[in-house]
Amino acid sequence: MASDLHMHTTCSDGVYSPEELVEAAKAAGLNYIAITDHDTVDGVAQLYEAGLYPQKGIKIIPGIEFSAHHDIRSVHILGYNIDIYNRELSERLNDVVEARWSRFSAMVEKIRALGYDLTETDVLQIADSSTSISRSHIAQALVAKGFFPSIKDTFDQILDKGKPAYVSHYRLEAEEIVRLIKESGGTPVLAHPGLIHDDELVEQLLKNGIEGIEAIYPKHSAEETEKYLALAEKYHLLVTGGSDYHGIAGRYPAELGQFVIDDAYAAELYREPEI
Ligand code: AMP
Ligand code: MN
Ligand code: MN
Ligand code: MN
């Protein structure tokens with residue numbers, strides 16, 4: 001059986017609710033999964049509070065994907081097995097999601113100034129119940145309104161860093177994220193190192209408290225995967241991997257189960273729930 005340790009729900013920029021995602025993961029025959037929404041643990045909380053955790057037939061690892069502050073690079077840090085009710089973690093995450101909301105308004109204003117008649121309501125219809133609003137929602141709304149042919153075009157032309165509608169948002173520093181994850185009882189893992197495009201920075205991050213590396217990732221070439229597996233050995237790190245499933249039409253993977261990792265990696269991270 002196979003596993004997937006990176007996926008998003010409606011609580012951030014995914015299309016499926018936590019409940020739907022768990023059902024889809026079961027249907028795909030996954031053994032271990034982790035929900036890793038951007039800057040929020042609301043999806044995990046929903047499963048706990050609906051009595052859907054733990055579940056028969058699938059092992060769920062509570063997770064999160066933090067956006068870390070860096071001047072020029074986009075650095076994401078995954079946290080597995082965190083205590084989602086840790087007070088400091090909740091407070092710091094509140095600051096980040098609040099900042100995402102002000103940034104969302106600022107971006108819509110910029111987009112309107114560029115001549116696209118996009119309203120906050122258009123984006124909110126896409127974002128639905130998400131608490132962690134992102135460029136991903138804005139991109140989907142721009143495509144739905146017919147302003148761009150694809151999500152990729154929206155990023156290439158206006159949403160990417162350096163493009164005219166880009167606004168950054170408040171993020172925590174990598175060191176603080178690593179500390180918060182550890183203090184919440186979790187394991188910090190460097191997400192998709194290949195997307196950082198800076199191996200010096202990758203090594204620097206790995207030397208500063210990170211305990212795992214997401215070596216197995218859809219956008220990594222075979223050479224990159226080998227390189228990150230070697231770094232995992234060098235720094236004695238756990239190896240993780242996942243599909244970064246969002247359920248967004250046109251975005252790989254189209255289905256859960258298309259990109260998976262060996263259960264053995266996930267088993268290293270998994271902890272039996274204390275209930
Ligand atoms: P944010 O965290 O609000 O800056 O938004 C980043 C999100 O947008 C990521 O989590 C991705 O899901 C999505 N994203 C970023 N770049 C692209 C891209 N070039 N094409 C499609 N989606 C993207
Ligand atoms: Mn995303
Ligand atoms: Mn990411
Ligand atoms: Mn992700």
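Bear in mind that the values here come from a model prediction, so they are computed numbers and not experimental data. Sequence positions, counted from 1, serve as the residue numbers for this chain. Counting starts at 1 for both ligands and their atoms, in listed order.
Here the Mn ion (ligand 4) is the vertex; the OD1 atom in Asp244 and the NE2 atom in His6 give an angle of 80° (to 10°). Vertex the Mn ion (ligand 3); arms to Glu65 atom OE2 and His76 atom ND1; angle 90° (nearest 10°).
At least one N/O/S atom of His8, from backbone or side chain, sits under 2.8 Å from the Mn ion (ligand 4). Taking 2.8 Å as the criterion, His38 does not count as a coordinating residue of the Mn ion (ligand 4), since none of its N, O or S atoms falls below it.
As for Asp13, its N/O/S atom nearest the Mn ion (ligand 2) is the one called OD2.
Relative ring orientation between Tyr32 and Tyr270 is described as perpendicular, the plane-to-plane angle rising above 60° on a 0-90° scale split at 30° and 60°. Between Phe104 and Trp101, the ring planes lie perpendicular to each other; the angle is over 60°, past the 30° to 60° tilted range.
A donor-acceptor pair shorter than 3.5 Å cannot be found between the side chains of Asn81 and Thr187.
Of the possible polar contacts, none joining the Lys219 side chain to the Leu195 backbone as a donor-acceptor pair under 3.5 Å is found. A distance-only check finds a donor-acceptor pair linking the side chain of Gln140 to the backbone of Ser136 [under 3.5 Å].
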